[in-house]
Structure formats: C-alpha cells, structure tokens
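For reference, the structure is listed below as structure tokens.
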4 protein chains.
Amino acid sequence: MALVFLLWAGSTSGATRARDLGIPFDGTPGPHNAITDVAGVEVGYATLISGEGELVIGKGPIRTGVTAIHPLGKHTTNRVFAARFTMNGDGEMTGTHWIDEFGTFGGPVLLTNTVSVGDVHAAAIDWMRERNPDAMTHLPVVAETWDGDLNDHYGRHIKREHVYEALNSATSGPVAEGNVGGGTGMITHGFKAGTGTSSRKVGPYTVGVLVQANHGNPWRLTIAGVPVGKILNPDETNHFSTTQTSGSSIIVVVATDAPLLPMQLQRLAKRPAMGVALVGGIAERTSGEIFLAFSTANGAPDIDGEIVTLKALSDNAVYTLDYLYEAVINATEEAIINALIAAETMEGANGYRVEAIDHQQVINLLQQYGRLNKKNE
Amino acid sequence: MALVFLLWAGSTSGATRARDLGIPFDGTPGPHNAITDVAGVEVGYATLISGEGELVIGKGPIRTGVTAIHPLGKHTTNRVFAARFTMNGDGEMTGTHWIDEFGTFGGPVLLTNTVSVGDVHAAAIDWMRERNPDAMTHLPVVAETWDGDLNDHYGRHIKREHVYEALNSATSGPVAEGNVGGGTGMITHGFKAGTGTSSRKVGPYTVGVLVQANHGNPWRLTIAGVPVGKILNPDETNHFSTTQTSGSSIIVVVATDAPLLPMQLQRLAKRPAMGVALVGGIAERTSGEIFLAFSTANGAPDIDGEIVTLKALSDNAVYTLDYLYEAVINATEEAIINALIAAETMEGANGYRVEAIDHQQVINLLQQYGRLNKKNE
Amino acid sequence: MALVFLLWAGSTSGATRARDLGIPFDGTPGPHNAITDVAGVEVGYATLISGEGELVIGKGPIRTGVTAIHPLGKHTTNRVFAARFTMNGDGEMTGTHWIDEFGTFGGPVLLTNTVSVGDVHAAAIDWMRERNPDAMTHLPVVAETWDGDLNDHYGRHIKREHVYEALNSATSGPVAEGNVGGGTGMITHGFKAGTGTSSRKVGPYTVGVLVQANHGNPWRLTIAGVPVGKILNPDETNHFSTTQTSGSSIIVVVATDAPLLPMQLQRLAKRPAMGVALVGGIAERTSGEIFLAFSTANGAPDIDGEIVTLKALSDNAVYTLDYLYEAVINATEEAIINALIAAETMEGANGYRVEAIDHQQVINLLQQYGRLNKKNE
Amino acid sequence: MALVFLLWAGSTSGATRARDLGIPFDGTPGPHNAITDVAGVEVGYATLISGEGELVIGKGPIRTGVTAIHPLGKHTTNRVFAARFTMNGDGEMTGTHWIDEFGTFGGPVLLTNTVSVGDVHAAAIDWMRERNPDAMTHLPVVAETWDGDLNDHYGRHIKREHVYEALNSATSGPVAEGNVGGGTGMITHGFKAGTGTSSRKVGPYTVGVLVQANHGNPWRLTIAGVPVGKILNPDETNHFSTTQTSGSSIIVVVATDAPLLPMQLQRLAKRPAMGVALVGGIAERTSGEIFLAFSTANGAPDIDGEIVTLKALSDNAVYTLDYLYEAVINATEEAIINALIAAETMEGANGYRVEAIDHQQVINLLQQYGRLNKKNE
C-alpha cells in the first residue's frame with residue numbers, strides 16, 4: 001500500500017496535545033479541553049524534580065509530585081455529590097468509605113505517589129482545618145500511583161509544603177500535562193506519561209476528566225484503533241512478562257456540572273474502564289484502577305438545614321445520560337493519550353530512562369492506517 | 001425470687017399483637033402499627049391452606065401464599081426511590097440489579113415461597129402490563145422464604161390468579177399477621193411465625209416494616225432482652241444442629257415517607273440486621289436475609305421530563321437520621337415478634353406440626369425478668 | 001488513497017465466523033473457538049421462530065428462545081466457583097444474591113428474553129429437582145435481554161418444554177451462533193445479532209465466552225479498531241436518539257478451567273466491559289450489562305465434608321492473571337462480532353426487519369483501513 | 001419486687017473484665033478471652049497520656065495512642081485471607097481497595113485516632129519496608145475513631161516512634177483493655193471505653209475479636225438484655241440530640257484460625273453489626289463502623305509459586321459456620337462491654353471528664369433483672 005508520510009512540525013507555542021497531532025477523537029471538548037472546563041474546578045501541582053544518578057533513599061533522585069483538584073475551587077471545602085468505582089483494587093484511594101456511604105465528599109482530591117499517601121493525608125487535614133476550622137471532615141481523598149522506578153519514593157520527599165503548594169496554586173483555565181504533579185514519574189504502555197486531561201460538552205453540561213496514568217502494557221498500546229504497540233513490538237510472545245513490564249495503576253477523576261445524584265455518578269465512575277480499554281489497557285493484575293466522579297451541581301448538598309432541595313437529571317433522560325456516559329469514555333481515552341503526548345523523556349533513579357512516545361511515529365502510523373484527522377493530513 | 005405470675009386473658013376482639021401481651025418496645029408506632037401507616041402503602045394477601053396428611057407433589061397439603069406490597073397504592077406502578085441490602089445471600093429477591101443501579105423500582109413487591117418465585121414473577125409482569133401498557137418495567141421485585149416443611153412447595157400451587165388476588169385485594173389500614181400471604185407456612189426460632197408488621201413515628205415521618213419471618217434458631221430466641229429460647233431449651237449443646245433446625249430466611253421490607261435519596265435508603269436497608277439480632281437471629285448460614293427499603297416521598301422520581309426537583313433530608317440532619325435508623329431496628333424487632341405472636345399452630349405436609357409460641361409463657365417469662373410493661377402487670 | 005477491494009466468497013460449509021472474514025483478533029482460540037472449549041461446558045438451545053405479520057399478543061410472530069449453559073455438563077448440577085459483575089443494572093440475572101454470598105452456583109445458566117424470566121425460572125427448578133431430588137438449590141441463574149421489537153414477547157411463548165429442550169440438548173463441541181436460543185431476536189449496534197462465542201488458550205488453561213448480544217449504538221460500532229458505524233452513519237448528530245435506537249443489554253458468560261477462587265473470578269467478571277468497549281459499546285443507559293464468570297476447576301467445591309482442599313492460582317502469578325484478564329476481553333470482543341457475523345437478516349413482529357451486517361462491506365472497510373488479516377487479503 | 005443487692009469487691013489482681021462482674025455471655029472463650037487466643041495474633045500498644053487543662057493545639061492535653069495487631073506475629077508481613085464490611089462509612093480504614101480485590105492483606109492492622117491516620121500510614125510503610133525490603137505491599141491497613149473530645153487530636157502527637165513502639169511491643173497472651181492504645185481517648189454509650197477484646201472456641205477453631213469502641217448512645221446502652229441506659233436516663237425524649245451526644249465509630253477486628261476463604265470471611269465481617277446491636281448500638285449517622293475479618297489459616301496464600309493448595313471449610317459445614325457466625329457476634333458484644341468495664345474515668349482537654357461505668361451499679365441492675373450469672377450472686 002503506497003503511503004505518503006507526513007512530517008509534523010510541532011506546535012510553535014504551548015505544549016503539544018493529542019489533537020494537535022491529528023489524532024481523532026469523538027465529541028466536542030470544552031474551551032480548554034480540560035477538567036477545568038467544568039466551572040469551579042481548579043487544578044494545582046507541586047512537581048519535584050531534582051538529582052540524578054544512583055538512588056540513595058532519602059537523597060534522591062527525586063521525580064515525583066502532588067496534584068490537587070478542588071471541585072468547587074480552593075476557597076471552599078463544601079461537599080459535592082460523588083461516587084467511586086474500583087476497577088482493580090491494587091491501589092489506594094482514601095476517603096471512599098465516606099463516599100460509598102454518603103455519596104459526597106468535601107475538600108480537594110489529591111493524587112501522589114504510593115508511598116506518600118500518608119504524608120499527603122496528614123497535610124490535607126491540616127490544610128482543610130485551617131480553611132474551615134469548624135469542618136468535621138477529616139477523611140481526605142488521597143489516591144496514588146507508583147513512581148518507584150524513576151523516583152526515590154521511599155525517601156518520601158513530598159512534604160507538607162508541597163501539598164500546600166499544590167492546593168494553594170490551583171487555578172481554573174489550562175491544565176499542564178505530562179511530567180507534572182502526581183504524574184511526574186509515571187509511565188504508561190511503556191512510554192513516559194503522567195498527568196492528562198480532557199473534556200466534553202454534552203448539551204448544556206460539561207464532563208471533564210483528569211488522569212494520573214501509570215498503567216498499561218507496551219504491546220497493547222492502541223491509538224485511535226491503530227495497534228501502535230503491536231506494530232512497535234512485533235513479537236507478541238510474552239507481552240506480559242518481566243521483559244515488557246506493565247505499568248501500575250491509573251487514577252481517573254471525572255467532574256461534571258450535570259446535576260447527577262450519587263447513584264448516577266456511580267455509573268459515570270464505572271465508564272473510565274471503557275476509556276482505558278480503548279487505549280489498550282486491561283486493568284492488569286498490578287494496576288490499581290480507581291475512578292472518582294463528582295458533580296458540582298447541587299453544591300454542598302448536605303450542609304443547609306433539615307431538608308434540601310435538589311435538581312437532578314431524570315433517569316428517563318435516556319439520551320442525555322448516554323451522551324454523558326460516552327463523554328466520560330471519550331475524555332478518558334483522550335486524557336490518557338494527552339498524558340503520553342505531553343510527557344517528555346525522563347531519566348531518573350539509577351539512570352533509569354523512560355522514553356517519550358515519538359510524535360512523528362504516531363502521526364505516521366495513524367496516516368498509514370487511514371486514521372489521521374483529515375485536516376492534519 | 002418471688003414472682004407473681006399474671007394470667008393473660010387474650011384480646012376480646014381482633015388478633016393479638018406483641019404489645020397486647022405487654023412486651024415492651026421503644027418508640028411510638030403509627031395508628032395501625034403497620035407498614036400501611038406510611039401513606040400510600042397497601043398490602044394484600046393470597047393465602048392457600050388446604051389438604052392434610054401425606055405429601056403428594058402437585059396435590060398438597062398446601063400451606064403457602066403471596067404477599068403484595070404496593071409502595072404508592074395498587075393503582076400505580078410509578079417508581080419510588082429504593083435500596084436493598086443482602087445480609088445473607090442464601091435467598092432470592094429479583095429486580096435488585098435495577099435497584100442497585102438506579103435506586104428505584106416501579107410496581108409492587110411480592111413475597112412468596114422459594115419455589116414459586118418464577119410463577120409469581122411471570123404473573124407480576126402480566127399484571128403490571130395490564131395496569132400500564134406503556135411501562136417498560138419488566139423487572140418485578142419478588143422475594144422468597146422457604147416453606148417446604150409444611151407445604152407441598154414443589155407442587156407450585158401459587159397460580160396467576162393468586163398473585164392477582166394479592167395484588168388486587170391490597171388495602172391500606174390494618175394488616176393481618178401470622179399465617180397469611182407469603183408467610184403462611186413460615187417458622188421462626190422454632191415456632192410458627194410468618195408475616196409481621198410494625199411502624200414508628202419519627203417527627204413528621206413514619207417508618208413501616210413488614211417481615212416474612214422464617215429464620216432463627218430456637219435456643220437463641222430473645223424477647224425484650226429475655227433469653228426465652230435458652231430458658232425453654234436449657235441444653236445449649238448443639239443448639240445449631242439437625243435436632244434444632246434453624247429457620248431459613250427473613251425478608252424485611254422497610255417503607256418510609258421521609259424524603260430519602262437512594263444512598264440514604266441503603267442505610268435504612270442495612271438496619272433490619274440489627275433488629276433481627278435483637279430477637280436472637282445471627283443470619284444463619286442457610287438463612288437468606290434480604291432487606292428492601294423505599295421512600296414514598298419524591299414519588300415517581302424519574303418519570304417527568306429532563307430535570308426533576310427533589311426534596312431530600314440533609315445528611316446533616318444527624319438526629320433525624322439517627323431516629324430513622326433506630327425506627328427501622330425497633331420496628332423490625334417488633335414485626336418479627338408480632339409474626340410469632342400472631343401465628344397459630346399449624347399442621348402441614350406429612351403431619352408435620354409447628355407450634356405457636358405460648359402467649360402466657362411469654363408473659364410469665366417477661367414478668368419473671370422484670371421486663372413486662374408496667375401497664376400489663 | 002488507492003485501495004483494492006477484495007471480494008469475499010463466503011464459506012462453502014458451516015456458518016461464517018468473524019475470523020473467516022479476516023477480522024483480526026489477538027490471542028489463540030481453542031479448537032472450537034467457543035465456550036465449550038472449556039472442558040465440561042455444554043451449550044444447548046431452544047429456538048422459536050414462527051409466524052409473521054401483525055403482532056397479536058399470545059399468537060406471535062414468535063422470534064425468541066432459550067440458551068442453556070451447563071458448567072459441568074448436563075448430568076450434574078454440582079456447584080462451581082463463580083462471580084458476577086453488573087456493569088449496568090437495567091437488566092436481570094436471578095440467583096446473584098447466592099453468587100455474591102457464596103461465590104458458587106449449582107446447575108445451568110439460562111439466557112432468554114426479558115418477559116420469560118419467570119417461566120424459565122420455574123421450569124429450571126423443576127428440571128434441577130428431577131435431576132437431583134436432594135438438592136436444595138432452588139435459586140436458578142436466569143438472565144435476559146429484550147426481544148420485544150421482533151418477537152411477541154408478551155405472549156410468553158417459552159414454555160417448560162422449551163426450557164427442557166435447551167437443557168437436554170446441550171452438548172460440547174461447536175456452538176451455533178446468531179439467531180439461536182436466547183439470542184434469536186436480538187440486535188447489536190443496529191444489526192441483527194444474538195448469540196456469539198469465542199475462546200482463548202492461556203498456557204494450560206482455557207477461557208471461553210458466550211454472549212447474548214442485544215446492545216450498542218449503530219454509530220459507535222467498531223471492528224478491529226475501524227469505526228465502521230461512523231463510516232456507515234456519517235452524521236454523528238444525535239447518534240443517541242430515537243432515530244438510532246441503541247440496543248438493550250448484553251449478557252456475557254465467562255467460563256474457565258483455570259483454578260480461580262471467587263475473588264479472582266470477580267475480576268474476570270469485570271473484564272467483559274472492556275471487550276464491549278472495543279466494539280463500541282458504552283453500557284448505554286437502557287442496556288443491562290450483567291456478566292457471570294465461573295471456573296470448572298475445584299468442581300463442586302462445597303459438597304464434600306467439613307474441609308475441602310482446593311487448588312488456586314496464586315495472586316502472585318501476575319502474568320498468568322494478566323493473560324487471563326486479556327483473554328476475557330479478547331474473547332468477549334470476538335464473541336460479539338461473531339454474533340453479528342453469524343446472524344441473518346430477520347423480519348419479525350409487524351414486519352419489523354433487522355438487517356444482518358454485510359460481510360463484504362466489513363471486509364472492504366477493514367481492507368481500506370489496513371486492518372484485514374494478511375492471509376485474507 | 002424484693003431484691004438482694006450484691007456488693008462487688010473487685011478483682012484482687014489484674015484488671016476487671018465483664019465476666020468478673022457476673023455479666024453473662026454465651027459460648028466458651030479461649031484461655032485469654034482475647035484476640036490473641038487465635039494462634040499467631042499479637043497485639044501491641046502505644047498509649048500517650050500527658051498534660052491537663054486547656055487545649056492548646058500542638059501542646060495537649062494528650063489522650064491518644066496506637067494499637068497494632070499482627071495477624072501472623074510481628075516477624076512477618078505475609079498475607080492472610082481477609083475481608084471487610086462497612087456498616088457505616090463515616091470513618092476510615094485504609095487498604096480496603098486491595099482487600100476487596102484480592103481478599104488478603106499483608107502486615108499489621110493499626111488503629112488510631114482520626115487525625116493521625118496519615119502519620120500512622122507513613123510510619124507503617126517504613127516499618128514494613130525495614131522488615132521486608134522486597135515486599136511490594138505499600139497499602140497498610142489503618143483505621144480510626146475520633147478522640148477529639150478528650151485529646152488534642154489536631155496536635156497529631158502520634159509520631160513514628162509511637163507507631164514503632166506499638167508494632168514492636170506486640171505480644172501474644174493477655175491483652176490490656178480500656179484506656180490503652182488507639183482506644184485511649186474513646187467513649188461508648190456515654191461512658192469511658194476504648195479497647196476491648198474477647199474470644200470464642202468453636203470446635204477446633206478459635207474466633208477472636210478486638211474492638212476500638214467509641215460509639216453508641218447513652219440511652220440505648222444494653223447489657224445482657226437489661227436496658228441499663230434507659231434506667232439511668234429515664235427521659236427518653238431527645239435521646240438523640242446534642243444533650244446526649246452519641247459516640248462516633250467502632251472498629252472491629254475479627255481473627256480466626258478457621259480455614260475460611262475471603263468470601264466466607266466477608267460473612268464474618270458483617271456479623272459484628274449484630275454484636276453492636278446487642279449492646280444498643282444502631283450504627284448512628286456519625287459512627288463509622290468498619291469491620292475487618294482475617295484468617296490465619298492458609299498463611300500467606302499468595303506468595304509461593306503459580307498454584308497454591310488451600311484448605312477451606314466447606315459451605316456445607318452449615319453448623320460449624322453457624323457457630324462461627326455466632327462466635328463473632330458474642331465476642332463482639334463481650335469485647336464492647338469489656339472496653340466499658342476496663343476503662344477508667346478520664347479527664348482530658350479543657351477539663352472534659354468522662355466517667356467510667358459504675359461496676360456495682362451494673363451488678364445491681366443485672367441482679368434486679370435476673371440476669372446476673374448464678375455463680376456471681
């Protein structure tokens with residue numbers, strides 16, 4: 001088959017995102033194609049990158065961070081309706097007993113590395129108490145993925161000030177991707193990845209997704225239906241094995257302003273699994289895949305008085321719900337690929353090096369398989 | 001200890017209930033002390049008792065029935081918010097995938113014997129379709145307990161007309177107890193039991209409970225804290241064994257008009273386990289203990305338009321919720337004991353005979369242990 | 001792009017399957033590429049097709065059936081380890097309270113239409129009792145999808161003899177696909193579908209999948225990464241709407257001979273969601289997606305004596321588990337597409353006609369996008 | 001009613017336990033009537049009591065601690081089969097995503113105050129890594145109840161050395177109760193409580209329970225069926241209100257050497273709710289009630305090789321299972337009352353004082369209601 005390979009010149013300003021390369025996605029994103037397109041949501045990072053060479057626990061090299069997501073902005077810890085789904089429990093997200101019981105949570109969501117969960121948890125309580133001394137919420141939501149390949153994670157370099165930095169620097173608007181925040185040292189389908197985000201418009205509503213992607217097997221990487229991983233790794237024998245280490249864990253946070261009740265958010269919280277599948281993930285045995293969904297509508301549904309009045313999407317609004325489900329899947333797929341596209345090659349502990357995916361190669365493969373966006377050809 | 005034993009003269013009219021004997025319970029019941037105290041709820045029965053002597057499958061003896069509970073009355077199958085909890089899964093309640101997903105169900109709840117679940121399910125779809133030809137609800141809620149000791153259950157004597165009879169005869173007001181409806185052939189803590197009901201007032205709200213009680217070990221029967229079963233069965237050795245068969249299964253249906261969301265009803269659906277415990281139940285290995293809770297507030301929460309407006313109790317209404325939780329526990333305890341007190345001795349298949357509990361003996365034991373209501377002494 | 005379109009001549013004998021067309025799938029199937037590749041598993045059908053023209057409830061036209069799956073063959077109802085996962089609860093699978101509690105079930109799995117669940121349930125109890133009079137299992141596993149578009153489903157044409165026919169005719173070996181058994185009247189992604197099956201070898205183990213596929217949106221149909229639905233339906237506006245009705249429900253049954261405990265089977269039971277996603281499903285609002293997984297190893301794990309000795313795959317057998325997870329996803333994807341490829345155009349109630357997918361068109365599109373198997377080009 | 005009140009002289013050596021007072025309990029305890037009667041289980045504490053008077057955050061007064069439970073002793077972090085049940089999610093237990101997924105956990109269980117969860121979590125990872133540098137378990141199980149009434153909890157006085165102290169000092173044998181470890185500052189049914197334990201023999205097996213009890217409403221306190229709380233608080237009006245603060249949370253850890261699979265341990269993990277009920281608890285709205293059950297049989301079920309051989313109790317061992325369920329309920333009831341009986345009056349932050357229950361009063365009330373053990377009369 002005769003093919004003309006296109007050359008991608010890169011973006012002249014700002015970071016590259018999957019759409020810039022011509023990777024096709026369904027649906028219409030919001031203005032920033034980010035979780036912050038859901039009004040009120042703010043995202044902040046602390047990114048710790050320092051040192052190189054041999055790993056000395058407590059010294060470094062350091063390749064880690066914290067991501068903070070405020071559902072209603074950093075100036076309130078009021079509760080929002082929420083739900084979680086654990087596709088694969090080889091991971092941690094604290095605060096989920098409360099979420100399962102009450103269908104709400106108050107305060108930020110924090111994403112970090114596996115070993116720093118406790119430190120971030122403790123700092124989050126301090127920060128929440130300072131913001132709202134009367135609040136009785138002492139059950140912060142802290143989730144993790146593993147960066148022990150690139151980072152001196154046992155050194156537990158994330159301190160209280162880093163957690164505060166992520167929390168206090170959070171903003172709406174564009175969201176950095178790749179090697180930032182909790183995603184700093186993460187790897188997906190064999191390539192450097194980390195933080196990614198995307199959003200979709202659904203009628204009057206917006207769905208936003210942020211992932212901390214550290215999962216997936218190299219051989220199975222799929223972009224826009226093209227089996228990129230299989231092409232790059234032609235030998236499928238033992239694609240699950242120590243020679244092709246699968247990543248470990250993906251946390252997906254889904255935000256929406258659609259007025260959904262917790263029972264409805266449970267359904268949104270399940271759909272990231274389908275987005276993960278479209279990129280080639282299978283929720284590997286060692287991959288903690290824990291998904292959280294919240295709605296900014298009905299803000300603070302449990303704090304005023306004896307009876308509250310709520311707006312909710314009817315479960316008979318069948319097609320609106322279908323579009324919302326689809327939006328979660330589409331935005332999860334795009335957020336993962338955004339994390340891959342934005343991340344840069346990183347060398348970390350003991351000189352361990354993880355390559356970024358080659359943008360031109362992705363373009364060429366999509367072109368070859370007739371899947372590149374027409375406007376990018 | 002010197003004790004004066006009181007003689008109970010029985011009720012001069014109507015069936016005897018636990019309170020009539022002076023058994024103390026906490027809280028204030030509604031006017032009928034029945035699930036029908038929740039406005040809108042209607043209960044109907046078909047009770048099949050015929051034949052005696054040797055069991056011949058398909059002939060009898062027949063000791064079984066069907067109970068129908070309409071959350072919003074028999075003239076509508078509109079949905080109500082609902083939740084279920086399975087304390088012990090050795091049983092069946094159909095329709096729960098939908099309830100778990102949407103937090104609602106439409107149409108009646110039907111209670112019957114284990115083997116008739118299919119026949120009742122089929123009849124319920126017919127009945128619902130006739131009432132509401134446009135309804136797409138084909139997932140009836142049918143639950144069961146086992147009456148194979150007294151009844152020719154394999155004969156599957158419950159026919160479509162019996163299901164219709166229970167559904168169409170349902171009324172508000174007083175509710176028959178004991179050997180009626182689905183509870184006809186049931187046994188609890190070694191005594192004849194079956195259907196029981198009770199209710200509690202909680203501020204402006206009402207909680208009603210109906211049980212189909214067929215569970216519990218004779219030795220563990222406890223009434224108002226008095227270890228009645230241990231007194232009547234002094235040898236505790238092997239109290240779980242073939243010589244003291246434990247019952248099998250209790251279904252508890254909890255109704256309320258408090259405006260609770262599905263996540264809140266899940267909590268109500270868990271509390272019957274605590275009421276079962278107070279009467280001596282342990283959710284025995286063979287006892288299917290499946291509990292359903294629904295709220296008649298926000299009637300038909302999903303059938304009108306794209307956005308619905310709901311009233312809900314705030315989760316910060318801490319004490320109201322505590323009283324609601326307590327009401328479920330208290331009403332479950334009383335409903336089980338009501339089933340025991342109301343049931344009459346029954347002889348069934350192959351001459352198998354199950355005694356009713358001796359009312360005077362209960363009075364005497366409570367008197368002996370200082371637990372009889374003062375007004376009954 | 002210059003393309004040579006290939007002409008598919010069809011199979012000269014036997015039914016066509018997805019692989020025959022050159023659709024690529026990962027992994028190695030068993031000898032029949034069917035759930036029966038798991039030793040012991042037998043599948044039987046009753047297929048009811050009669051009448052045409054106007055729908056008269058109780059008369060027809062009839063386009064429905066029953067599928068029976070025996071985990072350990074039709075001559076035993078011994079229990080197997082099992083687990084279920086409900087991706088979307090707009091559906092029914094009976095018997096799951098027991099499965100959730102004990103991690104086992106005994107007897108066949110039966111798949112039928114929504115309205116016949118009760119009749120099939122009742123017949124299954126009869127059949128199991130006749131096979132094993134001492135068995136106390138009266139909680140059959142009956143699942144459903146909706147065939148009310150093509151079939152007079154309210155006529156409830158499935159009678160006891162049809163259930164027995166499916167149960168008694170079950171065999172190992174090749175498994176018919178498409179318009180057979182419970183899948184007779186089913187529709188997937190806008191095309192006629194129904195029953196499909198596939199299997200995978202994983203080291204010494206086999207994973208087999210059988211689907212009753214009645215789900216999915218036409219616009220989203222994806223085959224081997226090629227967006228077939230979007231190409232055939234270029235206008236993506238309102239792809240969820242009354243003009244492009246999404247299907248309703250898919251039941252997936254996963255069998256394996258790998259020695260997995262119930263906690264491990266729960267993970268297998270989640271993975272069909274990822275296979276559904278690869279074909280374009282999103283677990284639509286009205287699509288009941290309930291998945292069951294069982295292991296034929298450790299046969300009858302609870303029936304002999306006080307202590308049982310079990311073999312189980314270690315959770316540290318990370319890569320074996322990964323391959324098993326992947327096998328479920330791959331086999332689910334293939335089984336759905338097999339159902340689409342095998343099904344033939346059907347005209348049913350009121351002349352409603354559902355087209356089979358055009359095999360040549362599928363070949364052409366895969367060819368066009370470079371995804372046709374080399375050997376088929 | 002004429003009654004002779006008995007005077008309790010107290011124990012001449014060692015701490016008082018509920019049985020010493022003549023409170024009757026069912027079943028036969030192990031030699032220490034403690035969770036450590038399950039061979040292998042070790043318990044250790046760090047108890048922090050210092051300062052008095054006004055609360056100054058970071059200074060004190062300090063009334064808190066940590067409890068460590070090693071399922072297989074402090075010299076291994078090998079995994080055990082386990083399950084958890086959340087009766088009420090207003091609380092935290094970390095590590096439960098893993099437990100829900102794999103039915104195991106490795107390393108200790110740590111109980112502490114609500115605000116110290118993060119610090120204890122971080123210290124636990126350090127301790128586990130030092131013990132077992134190759135272990136990949138970084139998901140410690142840390143649970144909490146709230147001691148903010150008596151303790152400067154925001155001061156987060158529990159440091160890494162306290163966690164190590166609890167972990168390293170753990171032993172088998174007798175277990176201290178009351179104001180020790182994580183239970184130091186806890187309150188139950190209006191009285192000072194904290195840590196309690198109990199055990200039961202079930203044929204060849206032992207069931208042990210340890211509670212950190214900080215729950216329950218004063219008015220509802222029930223001992224051996226006697227409504228102690230109602231007698232001491234005759235006005236039942238507003239028993240749930242700010243004037244009779246209900247406690248907040250109870251953590252129950254259940255250990256057994258019976259060879260139970262995770263699905264079976266899930267059932268054990270549900271039964272503490274029934275023991276809580278017998279003492280008057282209702283799982284109040286603000287009471288986090290999270291229960292963990294583990295089996296020391298099949299030690300380290302997932303660490304050796306590809307296939308493991310397991311022993312498991314058959315689910316057809318109906319009566320053994322019934323006795324195990326009952327043992328959990330009985331031991332939970334006794335452990336809560338042991339916590340109440342062992343705890344001593346405490347004065348803490350801002351001079352807040354919580355009284356111990358009056359032993360003589362308990363004896364008198366049980367005597368009055370005919371419930372005191374004969375041998376103690």
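Values reported hereafter were calculated over all heavy atoms of this structure, with side chains retained and with hydrogens, waters and symmetry mates removed. Everything quoted here is computed from the prediction, not taken from an experiment.
The part of D:Pro227 that comes within reach of chain B is its side chain, from C-beta onward, which places non-hydrogen atoms under 4.5 angstrom from that chain. Only the backbone of D:Thr86 has a heavy atom closer than 4.5 Å to any heavy atom of chain B. Of the atoms belonging to D:Asn330, it is side-chain heavy atoms, and not backbone ones, that fall under 4.5 Å from chain B. For chain B, the nearby part of D:Ile329 is the side chain; its heavy atoms alone come within less than 4.5 Å.
The ring of D:Tyr323 has its center closer than 6.0 angstrom to the ring center of B:Phe240.
Residues forming a side chain to side chain donor-acceptor pair (under 3.5 Å) with B:Asp147 (at least two apart in sequence, or on another chain): B:Thr64, B:Asn151. The salt bridge (Lys or Arg N to Asp or Glu O under 4.0 Å) search around B:Glu144 returns none, not counting sequence neighbours.
Of the possible polar contacts, none joining the D:Lys270 side chain to the B:Ala283 backbone as a donor-acceptor pair under 3.5 Å is found. One N or O on the side chain of D:Arg271 and one on the backbone of B:Ile282 form a donor-acceptor pair closer than 3.5 Å. Side chain of D:Tyr319 to backbone of B:His239: no donor-acceptor contact under 3.5 angstrom is found.
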ask   = Passes side chain to side chain contact (heavy atoms under 4.5 Å, CB included), B:Asp26 versus D:Arg220? Steps please.
value = CA-CA 10 Å; B:Asp26 296 329; D:Arg220 287 188 59 91; 4.2 Å; yes
inquiry  = Could you go through B:Arg267 and D:Asn88, starting from their C-alpha distance and side-chain angles, then the distance that decides it, and tell me whether this counts as side chain to side chain contact (heavy atoms under 4.5 Å, CB included)?
reply    = CA-CA 8 Å; B:Arg267 303 176 221 153; D:Asn88 189 346; 5.5 Å; no
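Exactly one residue among D:Asn316, D:Leu324, D:Thr320 makes a side-chain contact (heavy atoms from CB on, under 4.5 Å) with B:Arg285. That residue is D:Asn316.
Between B:Met274 and D:Leu278, the closest side-chain pair of non-hydrogen atoms is not below 4.5 Å.
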